[in-house]
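Okay, so here's the structure we're looking at.
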Amino acid sequence: MIVLHTLSEYRNLRRNFSSEEQTVGFVPTMGALHEGHLSLVEQSKRENDRTVVSIFVNPLQFNNAEDYEKYPLTLKKDIQLLESVGCDILFAPSKDAMYPRPVELQMEFGAITSAMEGASRPGHFSGVGVVVSKLFNIIQPTRAYFGQKDIQQLCVIRQLVEDLNFPIQIVSCPIARNEKGLALSSRNQRLSPEGLELASQLYRTLIITAEQSTLTTPQQAISVGLQYLKNYPDIRLDYLEIVDTIQLKSLSSFTVREPFVICIAAYVEGVRLIDNLIIQA
Ligand code: PAF
């Protein structure tokens, strides 16, 4: 695997791929890699001639300084994991390489960011939009792979690609879970064994809420989910929402024959975790 740290190094290499008309699959990450990331890399490898992974903990998308400072940095281990799945190129720029001067650019995504992560983390999606646009311009991938766990981010990226005409296919990949159903996340590394056990209740809450969806209204289904969570007072809930899968608007009834998604965000041992479950109507 080739490891590059500067934009010019990557651009020199990218020129060769263009001349050989090779397709490039791209998996943007913030490192602290887990099986979920590796499954994106494996999918990209199956679908492209070359696979590039980026590791960059993007300060612009953290609205909480402590969250940024505590974000796990595990570059050495990440390199080993990427080598084990045959990643071709790792692009791991420094903060100065990505942001040689303070960024003034702000991005607004409108209605799709008005609730959930957009509401709870002001400025987060602007920071994601800026860094992903920069990475797309640098990497120039044919396809880019994103996990469905960050479903609102996925909708933002799709909107970004459409609005700015990036010639890139966005591929959404299923959520990887551990044996207890907990969605794999870099943030799980900050949890104790008890915290990990407790965090699996987020998935259980999604399942219990989903079980109500054939019987009741979204509001009633959410109430059942909230009631279940009361058994776990150490989980600090941010939101439990049922929304459509395109605009992420709150669902008022289950009568429409459209898929919907149940989304949850909560703090366990002070670590913010998100998860969701898409229900095909
Ligand atoms: O999903 C992530 O890890 C990040 O938001 C991304 C897409 C790498 C941008 O920093």
Side-chain angles (χ1 to χ4, degrees), residues 1-14 16-17 24-46 48-62 64-100 127-128 130-132 134-136 138-141 143-147 149-150 153 173 175-179 182-196 199 268-274:
M1 183 173 73
I2 302 171
V3 181
L4 303 172
H5 298 285
T6 68
L7 280 60
S8 57
E9 282 172 323
Y10 179 80
R11 286 200 164 122
N12 287 337
L13 193 75
R14 182 70 180 86
N16 301 336
F17 301 160
V24 174
F26 176 43
V27 182
T29 82
M30 299 206 296
L33 303 180
H34 50 69
E35 284 299 323
H37 294 114
L38 300 185
S39 70
L40 305 190
V41 177
E42 280 163 344
Q43 184 165 346
S44 168
K45 277 188 67 72
R46 284 194 297 276
N48 301 281
D49 297 315
R50 299 286 172 148
T51 290
V52 181
V53 171
S54 66
I55 294 184
F56 178 63
V57 185
N58 173 34
L60 292 191
Q61 69 187 75
F62 288 82
N64 175 325
E66 192 191 344
D67 197 21
Y68 175 59
E69 274 144 33
K70 287 196 171 158
Y71 204 85
L73 299 172
T74 56
L75 187 62
K76 222 168 132 187
K77 187 169 158 235
D78 291 345
I79 290 177
Q80 284 169 358
L81 286 172
L82 290 173
E83 279 175 337
S84 74
V85 289
C87 171
D88 299 298
I89 297 153
L90 168 63
F91 178 61
S94 66
K95 195 168 138 201
D96 285 348
M98 282 300 277
Y99 299 123
V128 169
V130 171
V131 80
V132 170
K134 280 171 82 84
L135 288 167
F136 281 176
I138 297 162
I139 306 295
Q140 298 184 25
R143 299 183 184 87
Y145 295 79
F146 290 87
K149 181 167 77 67
D150 297 278
Q153 169 170 282
C173 306
I175 301 176
R177 300 185 179 280
N178 74 7
E179 65 290 349
L182 173 64
L184 300 190
S185 163
S186 305
R187 290 164 192 266
N188 293 353
Q189 296 187 18
R190 290 173 51 198
L191 297 174
S192 69
E194 297 73 33
L196 282 170
V268 174
E269 296 181 336
V271 180
R272 191 166 196 283
L273 301 172
I274 59 173

**Item:** Taking every non-hydrogen atom, the tightest pair across M30 and V57
**Value:** O-CG2, 3.4 Å
**Asked** Looking only at heavy atoms, what is the nearest atom pair of S44 and G25, with distance?
**Response** OG-CA, 3.3 Å
**Message:** Using a 3.5 Å distance criterion without hydrogens, assess whether the side chain of Y10 forms a donor-acceptor pair with backbone atoms of L4.
**Reply:** no
**Message:** Within the 4.5 Å heavy-atom criterion, are I89 and T51 side-chain neighbours or not?
**Reply:** no
**Message:** Please report the interatomic distance OG(S39) to OH(Y145), rounded to the nearest 0.5 Å.
**Reply:** 11.5 Å
**Request:** Report yes or no: does N58 contribute a side-chain atom to a donor-acceptor pair with the main-chain N or O of V130 at less than 3.5 Å?
**Result:** no
**Asked** With side chains defined as the heavy atoms from C-beta onward, is the minimum distance between L273 and R187 less than 4.5 Å?
**Response** yes
**Asked** Pick one: which of L184, V85, V53 meets side chain to side chain contact (heavy atoms under 4.5 Å, CB included) with L38?
**Response** V85
**Prompt:** Should the ring pair F62 and Y68 be called parallel, tilted or perpendicular, given that the plane angle runs from 0 to 90° and is split at 30 and 60?
**Reply:** tilted
**Item:** Ionic contact status for E66 with K70, cut-off 4.0 Å
**Value:** yes
**Message:** Could you tell me if the side chain of F26 sits less than 4.5 Å from the side chain of Q140, heavy atoms only?
**Reply:** no
**Request:** State whether the number of non-hydrogen atoms from other residues, nucleotides or ligands found under 6.0 Å of E35 atom CD is greater than 12.
**Result:** no
**Message:** So which atom in A199 and which in L191 form the shortest heavy-atom distance, rounded to 0.1 Å?
**Reply:** CB-CD1, 4.0 Å
**Prompt:** Within a strict 4.5 Å, meaning less than it, do heavy atoms of the V27 and V52 side chains meet?
**Reply:** no
